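Source: prediction; values computed, not measured.
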Amino acid sequence: MLAKTDKSERSRRSPVPIVSRFRAIKQVESGRSQSHVARDFGVTPGAVSHWWKKRAQIKKTAEAIELMGEPWMESHVRRLASGAEEGAGTVGTGGEGWDDESV
């Protein structure tokens, strides 16, 4: 029997990217068992079961991401990284970041 995990341990787990969840769903659809897919993706069978229940939403989101393509993702990450270097208040504000008086 698996030991229960406490809340702090669960919060330290990194989330599985939506595209990976989509790939897992496709494997289950092709006939692989959820337990085998879980083992391949390094998650619990319960996680795969949850993704299966949410498959319509996961598919829709993953397909939208794939339509946007990887260059969009790369440019988005670069923009966020450059904003972090400039300060959090400047990201997405066109340079008109938050200041102490406007908050």
Side-chain angles (χ1 to χ4, degrees):
M1 185 168 140
L2 294 174
K4 282 189 168 184
T5 58
D6 64 12
K7 189 176 181 179
S8 63
E9 184 177 330
R10 283 192 305 258
S11 65
R12 287 183 290 199
R13 294 181 191 158
S14 56
V16 177
I18 194 82
V19 175
S20 295
R21 294 177 191 189
F22 180 56
R23 289 182 185 130
I25 289 167
K26 287 166 67 173
Q27 287 187 16
V28 174
E29 287 176 336
S30 72
R32 295 205 64 218
S33 72
Q34 290 184 6
S35 61
H36 282 108
V37 172
R39 194 171 325 128
D40 290 348
F41 282 82
V43 298
T44 66
V48 176
S49 175
H50 180 75
W51 300 344
W52 183 251
K53 290 175 187 173
K54 302 278 186 178
R55 68 186 173 272
Q57 180 182 359
I58 291 171
K59 283 181 179 184
K60 187 175 181 178
T61 304
E63 288 168 351
I65 288 170
E66 288 178 351
L67 284 175
M68 287 186 244
E70 194 172 324
W72 175 86
M73 297 289 283
E74 290 174 6
S75 67
H76 185 66
V77 169
R78 275 195 303 276
R79 185 176 71 88
L80 289 175
S82 69
E85 292 169 3
E86 296 169 14
T90 61
V91 177
T93 63
E96 300 169 9
W98 296 98
D99 57 27
D100 291 337
E101 291 147 16
S102 64
V103 177

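Residue pairs meeting the side-chain hydrogen bond (donor to acceptor under 3.5 Å, both in side chains) criterion with at least one member in residues 47-60, sequence neighbours excluded: Glu29-Lys59. Judged as a salt bridge (Lys or Arg N to Asp or Glu O under 4.0 Å), the pairs with a partner in residues 31-43 (not counting sequence neighbours) are, in order, Arg32-Asp40.
Within the 3.5 Å criterion, the main-chain N or O of Ile58 finds no donor-acceptor partner in the side chain of Arg21.
Partners of His36 according to the side chain to side chain donor-acceptor pair (under 3.5 Å) rule, which considers only residues two or more places apart in sequence or in another chain, are Ser33.
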